[in-house]
Number of protein chains: 2
Amino acid sequence: MLDIAILGLLEEGELHGYEIRRRLRAQLGILANVSFGSLYPALNRLKNAGAIEATEVRSSPPRERPPAPLTGSISGERAVFKARRRSLPKERRSRKVYRITDEGRRLFTELMQGGDSEDSRTFGLRLAFARHLTPSARLGLLERRRARLVERLNDARSAARDDSLDTYARSVMEHNADEVEHDISWLDQLIANERLVPATATPTRHDDG
Amino acid sequence: MLDIAILGLLEEGELHGYEIRRRLRAQLGILANVSFGSLYPALNRLKNAGAIEATEVRSSPPRERPPAPLTGSISGERAVFKARRRSLPKERRSRKVYRITDEGRRLFTELMQGGDSEDSRTFGLRLAFARHLTPSARLGLLERRRARLVERLNDARSAARDDSLDTYARSVMEHNADEVEHDISWLDQLIANERLVPATATPTRHDDG
DNA sequence: GAGTAAGTATATCGCTTCGATATAACGGCC
DNA sequence: GGCCGTTATATCGAAGCGATATACTTACTC
């Protein structure tokens, strides 16, 4: 699950760990509210699998710090320090910048297609990166998800009919079923849209600087 | 999370592992689609914590049916009997029947109240067992959840406004926000209902067997 | 200008949960 | 009699989470 998210982000450019997490939270919200305790192991896992490469970047702005504070020119150092504080908010401490490999791109495609999107998070993630899929793969993703939700709706409705449930449990079950229904009609819209504009769809390729 | 579900079920009568799982799936659906790989460790955990007790039951005489205090309906019993003659003789191999203790009841109350219901599953589980809470605790649960969802709605809306998102990602984000909004108005109804009927609320105490 | 709070960045630990799998006993079926 | 499906308990490895540790920088306050 995390693998899809990481590879999907790295498809668009190299990033370091902290930034990956920041973007996942900002762009995908609850879908990928990921903690470091899962992110860093996931990055190592992907690195060991050859899906990504890491480069250690030392905090090296073009200007070097004076090697030794030998003399009493404290004011000189202070000036440098001050100037630095103003002008370079960019380079911080050592980071590991991750870059996707060919194997990673292959794996990404595989993960995007394969398996069924059991939970809504995995599906949401896949759909969020759906521009990387071919139109037919995209349609397949939507339709498989829809089929699964129809199954679930049946279960949810029959669970809600259970006589042994009290007010609260029943309310939860009914709300649950309503949400699944809502999800299905959302998917129906997406599917209809896919079918209407098969050729016009998403010229989202952009040249990266 | 599982602890709440297990203790909540055992509040209403003693059950064995397999049956606990069956009921969780049937009655709570997606909320507690639990696997044995989490159920049995959870049962052992609770046992070690003194929250539940286990009794090994050897293949008892086929006459007795200990497990089901669910319905009092005659037709239901006849149906069970008939089904039994055909396919399921009900008493099979050795089982471990679990029973909640006083400590377990204390823990259950604590888990039901404590912490914030971060994910919707934990909240749904708590609400499904809300009849065990006092009216004020119930109201608190609903209001804390509502507050959290309002926060989340802000995040979701601002994430959906992000210009860098393509059609698919934006659709996911917007759908997400819509669902949160829907959740909030559902909660508003529940809260209004709680406030309207504070005395009439849920005399759900039932005499068992 | 010193102290400190907050932000950036990587990493690990223990715990929970999941999916897969093993094992075992029994009934139904051909 | 052999095999499959159901009931039942249990364990394993992998994945993910929350908490925590460490280290460096930047920003805010007195």
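Below, chains carry the letters A, B, ... as their sequence lines are ordered, and counting in each starts from 1.
The distance from atom CZ of A/R22 to atom C1' of C/dA9 is 13 Å, rounded to the nearest whole Å. Taking atom CG on B/L125 and atom P on C/dT17, their separation rounds to 11 Å, with Å as the unit. Rounded to an integer number of Å, the gap from CZ of A/R121 to P of D/dA15 is 15 Å. B/E56 has its CD atom 12 Å from the C1' atom of D/dA10, to the nearest Å. Nucleotide C/dT17 holds its P atom 18 Å from the CE atom of A/M1, rounded to whole Å. Distance A/N44 CG to C/dA9 P: 18 Å, rounded to the nearest Å. Summarising the geometry, the separation between NE2 on B/H16 and P on D/dT7 is reported as 10 Å, rounded to the nearest angstrom. Across the protein-nucleic acid pair, A/I4 atom CD1 and D/dG16 atom P stand 10 Å apart, rounded to whole Å.
Distance from the side chain of B/F36 is smallest for D/dA10 among the nucleotides D/dC17, D/dA10, C/dT8. Closest approach to the B/R45 side chain among C/dT16, C/dA11, D/dT7 is made by C/dT16 (side chain taken as heavy atoms from C-beta onward). Checked against C/dT8, D/dG18, C/dC18, the side chain of B/S38 finds its nearest nucleotide in C/dC18. In this structure, the nucleotide among C/dA11, C/dA9, D/dC17 sitting nearest to the side chain of A/Y18 is C/dA9. With C/dA11, C/dT10, C/dG19 as the choices, the nucleotide that has an atom nearest any side-chain atom of A/K96 turns out to be C/dA11.
B/G37 comes within 4.0 angstrom of a base, heavy atoms only. Among the atoms of the strands shown, only primed sugar atoms or phosphate atoms (P, OP1, OP2) are found under 4.0 Å from some heavy atom of B/L2.
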Legend entry - Worked verdict on B/E12 versus B/R131 for salt bridge (Lys or Arg N to Asp or Glu O under 4.0 Å): CA-CA 12 Å; B/E12 285 145 47; B/R131 67 177 172 287; 2.2 Å; yes

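Between the side chains of B/H175 and A/D183, at least one donor-acceptor pair of N or O atoms lies under 3.5 Å. When only modelled atom types and interatomic distance are considered, A/S185 and A/D188 share no side-chain donor-acceptor pair under 3.5 Å.
Salt-bridge formation is not detected for the pair A/R161/A/E174: no Lys NZ or Arg NE/NH1/NH2 atom is positioned less than 4.0 Å from an Asp or Glu carboxylate oxygen. Looking at A/E56 and A/R95, no side-chain N of the basic residue comes within less than 4.0 Å of a carboxylate O on the acidic one, giving no salt bridge. With respect to A/R138 and A/E194, a salt bridge is recorded, a charged nitrogen being found less than 4.0 Å from a carboxylate O. In this structure, A/R106 pairs ionically with A/E103, as a charged nitrogen and a carboxylate oxygen lie closer than 4.0 Å.
The phosphate of C/dC26 (OP1 or OP2) has no side-chain N or O of B/R95 nearer than 4.0 angstrom. Between C/dA11 and A/R21, no contact under 4.0 Å exists linking OP1 or OP2 to a side-chain N or O. Listed pair A/Y40 / C/dA11 fails the phosphate criterion, with no side-chain N or O lying under 4.0 Å from OP1 or OP2.
Taken residue by residue, residues 144-158 of chain B places no heavy atom nearer than 4.0 Å to DNA chain C.
We find the CZ-CD1 distance between B/R105 and B/I52 to be 12.5 Å, quoted to the nearest 0.5 Å.
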